[in-house]
There are 2 protein chains.
Amino acid sequence: MTTPKNRVPTITEVASAAGVSRATVSRTFSRPELLTPETTERVRAVAARLGYVPNQVARALSTGRAGNIALIVPDIANPFFPPLIRAAQARADEAGYAVFLGDSDEKPEREDILLTKIAAQVDGFILASPRLDEQRVRVHAARRPLILINRDIEGLPRVLMDVDAGITQAIAHLAELGHRHIAYVSGPPASWANQQRQKAAVKAAKRLGLTLVAIPANHPTYQGGQAAVPELLRTDVTATVAFDDLVAQGIMAGLAERGVQVPRDMSIVGFDDVLAARTYPPLTTVAAHCAEAGARAVELLGEILQSGRHPTARVVIPTELVVRATTSQPRRRQAGRGKPLAAAS
Amino acid sequence: MTTPKNRVPTITEVASAAGVSRATVSRTFSRPELLTPETTERVRAVAARLGYVPNQVARALSTGRAGNIALIVPDIANPFFPPLIRAAQARADEAGYAVFLGDSDEKPEREDILLTKIAAQVDGFILASPRLDEQRVRVHAARRPLILINRDIEGLPRVLMDVDAGITQAIAHLAELGHRHIAYVSGPPASWANQQRQKAAVKAAKRLGLTLVAIPANHPTYQGGQAAVPELLRTDVTATVAFDDLVAQGIMAGLAERGVQVPRDMSIVGFDDVLAARTYPPLTTVAAHCAEAGARAVELLGEILQSGRHPTARVVIPTELVVRATTSQPRRRQAGRGKPLAAAS
DNA sequence: TTGTATGCGTTATCAT
DNA sequence: ATGATAACGCATACAA
């Protein structure tokens with residue numbers, strides 16, 4: 001009824017139907033304070049009857065403001081991102097922005113392409129855990145407001161996790177339980193997040209007099225964690241801190257396959273807290289509050305877009321250890337590691 | 001170097017720099033076959049030097065084609081969607097489309113708003129598991145090409161899962177193991193997907209002479225599944241088919257809390273296969289191939305946009321049972337349920 | 001308070 | 001094969 005044909009009416013049709021100029025219709029939707037309440041109301045009524053909706057494309061071309069933001073992530077399917085995306089989306093929505101989602105598939109060059117391709121369609125970018133090199137990031141940031149998540153580049157607005165606090169708590173927790181030898185199973189070496197976490201782990205371990213070995217997981221995935229288990233078992237560690245929850249989960253699976261019990265034979269600590277209590281046993285992990293990170297990034301971007309200013313804010317989100325059930329005291333005899341079940345008898 | 005200032009050059013600047021008309025520059029990027037190879041190359045060179053990128057907004061306004069598609073989902077954080085989104089995103093990218101992501105937060109009215117707000121900026125929609133009522137969906141579909149995922153509305157192009165096949169296999173599998181009383185823990189009653197699955201379960205159970213009780217999980221989440229457990233234990237079922245993997249996982253957690261062992265005391269079957277083997281024990285589930293659904297939906301939309309035709313395709317993606325470790329024969333004595341541990345002694 | 005006229009960057013129509 | 005020019009739908013100086 002409201003829309004006789006498939007086409008949505010334009011501002012011109014509303015104007016003539018309401019007996020006003022196009023400018024008045026425009027103002028009705030963009031700057032109603034310039035109009036008499038009566039006019040606005042009348043125009044609104046006509047517009048509603050006709051099913052008129054301001055054309056955002058035309059608006060964008062005219063004003064230079066797209067009303068959109070872009071969120072670019074390395075892998076949507078990584079459980080770290082959905083909560084972040086969800087929260088960002090919700091905040092953007094409140095602020096009246098629609099969001100483009102880009103998945104770079106962990107490839108820096110894909111990030112670069114996405115960034116340039118949609119630049120004209122968005123007012124700003126949020127780059128989550130970008131793999132792109134610093135120089136390129138700066139180039140893009142020079143064109144449009146750009147917020148970084150999980151990457152600390154001087155001079156750019158960014159939202160970070162307080163990795164140090166969480167990791168320190170985790171290592172202290174393990175030390176308190178009596179662990180002396182622990183492993184850090186790392187994520188992508190090129191990842192800033194990984195470097196931060198590894199560095200923090202090394203520092204905390206040193207301070208507490210623990211030995212820490214780093215074991216690479218080629219990919220920050222379940223499979224990556226699983227694949228790291230053989231090398232993990234070649235060491236004599238009694239506890240493992242994983243790059244993230246996904247890797248931790250993979251490690252747990254790999255251990256289970258080999259009959260190594262968690263936490264009896266090996267304590268595990270994850271990072272991110274995105275699996276909640278959804279592992280078995282429920283995972284002890286460092287909560288990174290990724291949803292909050294997403295929300296804060298959008299807020300930051302919104303402020304920049306509103307003010308036109310360019311504050312190089314550096315938001316740090318606190319992290320903290322959440323102790324669940326994958327950590328406990330090490331077994332008495334740590335000697336015969338490598339064949340833990342045999343050693344137990 | 002390539003970009004002296006923050007602003008990207010317009011077609012006019014490229015034109016004058018290359019000593020050609022704006023039309024020629026335009027053709028260089030949209031219809032190069034109309035130009036001499038020499039001209040295209042020359043213009044391209046100048047454009048590259050200046051850092052020119054065609055402005056998609058202006059393009060959209062001029063052509064009516066936005067070069068974008070919208071993907072709307074009820075909840076990004078539901079593990080069913082990330083693989084779907086990821087696959088859709090990848091396909092869209094190949095076809096040169098950027099994608100808007102909308103999260104309706106399971107609210108029909110939010111879907112409605114998103115749909116109308118973004119309409120002008122996209123060439124078509126993909127609506128995954130829409131909660132919106134059929135009439136409204138049709139209204140939107142009349143304006144722009146719209147593909148449905150997980151919703152069967154006559155006359156609209158849609159991508160569905162062959163729920164019947166998977167559920168039938170699941171029930172048959174349980175029957176074969178010796179289960180006689182099974183439960184279906186349902187998802188959102190308003191959800192078409194839930195109705196399909198429940199219907200299929202009822203039908204399959206009847207055919208095999210099993211009794212099936214339906215137990216509601218208010219929300220299709222981990223918590224929802226967990227909350228359904230008390231009611232589940234009040235019945236005398238020995239096996240449960242859950243609305244989806246998330247609910248199944250919640251049920252497993254709820255059972256574990258109460259000392260009910262899976263699969264010894266209760267067999268569990270999920271749906272979707274999005275948790276892979278990431279539960280403990282690894283979940284027996286119906287694989288729904290949601291990534292493929294996302295990809296197919298984009299392909300379908302692409303075809304429609306290319307051809308301008310409006311084929312009301314109905315793509316059905318096969319599903320099949322994946323047996324892992326949460327299903328086994330029922331315990332001998334089923335009498336004293338409700339306090340399964342006591343009964344065991 | 002409202003109307004008039006111009007421009008946003010591009011494509012498409014019509015010439016040449 | 002290329003150039004001139006009018007849309008596309010809207011916002012906004014400027015005028016009234």
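First the proteins, then the strands, lettered A, B, ... as listed; each starts at 1. Quick caveat: nothing in here was measured; it's all calculated off a predicted structure.
In this structure A:F81 satisfies the ring-ring contact (aromatic ring centres under 6.0 Å, His included) test with no other residue, sequence neighbours excluded. Among residues two or more places apart in sequence or in another chain, the side-chain hydrogen bond (donor to acceptor under 3.5 Å, both in side chains) test is passed with B:T116 by none. Residues that satisfy the side chain to side chain contact (heavy atoms under 4.5 Å, CB included) test with A:T63, not counting sequence neighbours, are A:R65. With sequence neighbours excluded, no residue satisfies salt bridge (charged side-chain N to carboxylate O under 4.0 Å, His left out) with B:D123. Taking the side chain to side chain contact (heavy atoms under 4.5 Å, CB included) definition, one finds that A:R44 meets it with A:T28, A:F29, sequence neighbours left out. Not counting sequence neighbours, the partners of A:H289 by the side chain to side chain contact (heavy atoms under 4.5 Å, CB included) test are A:A287, A:E292, A:I317, A:E320. Taking B:P188 as the reference, B:R131, B:S191, B:P220, B:F243 meet the side chain to side chain contact (heavy atoms under 4.5 Å, CB included) condition, with sequence neighbours excluded. Partners of B:E134 by salt bridge (charged side-chain N to carboxylate O under 4.0 Å, His left out), not counting sequence neighbours, listed by chain and number: B:R138.
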For this session: Assign a letter to each nucleotide of nucleotides 10-16 of chain D from its 5' end: B, base within under 4.0 Å of a protein heavy atom; S, sugar-phosphate only; -, no contact.
Result: BBBB---

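One end of the helix from C:dT1-D:dA16 to C:dT16-D:dA1 points its axis 30° away from the other end's axis, with each axis taken from 5 pairs and the angle rounded to 10°.
A salt bridge between B:D105 and B:R110 is absent, with no side-chain N of the basic residue lying under 4.0 Å from a carboxylate O of the acidic one.
Rounded to an integer number of Å, the gap from CG of B:L61 to C1' of C:dT10 is 8 Å.
Note on residues 144-159 of chain A: pairs passing salt bridge (charged side-chain N to carboxylate O under 4.0 Å, His left out), not counting sequence neighbours, are A:D152-A:R158, A:D152-A:R314, A:E154-A:R158.
Annotation: proximity of residues 32-44 of chain B to DNA chain D (heavy atom, distance under 4.0 Å) is found for B:L34, B:L35, B:T36, B:T39, numbered in ascending order.
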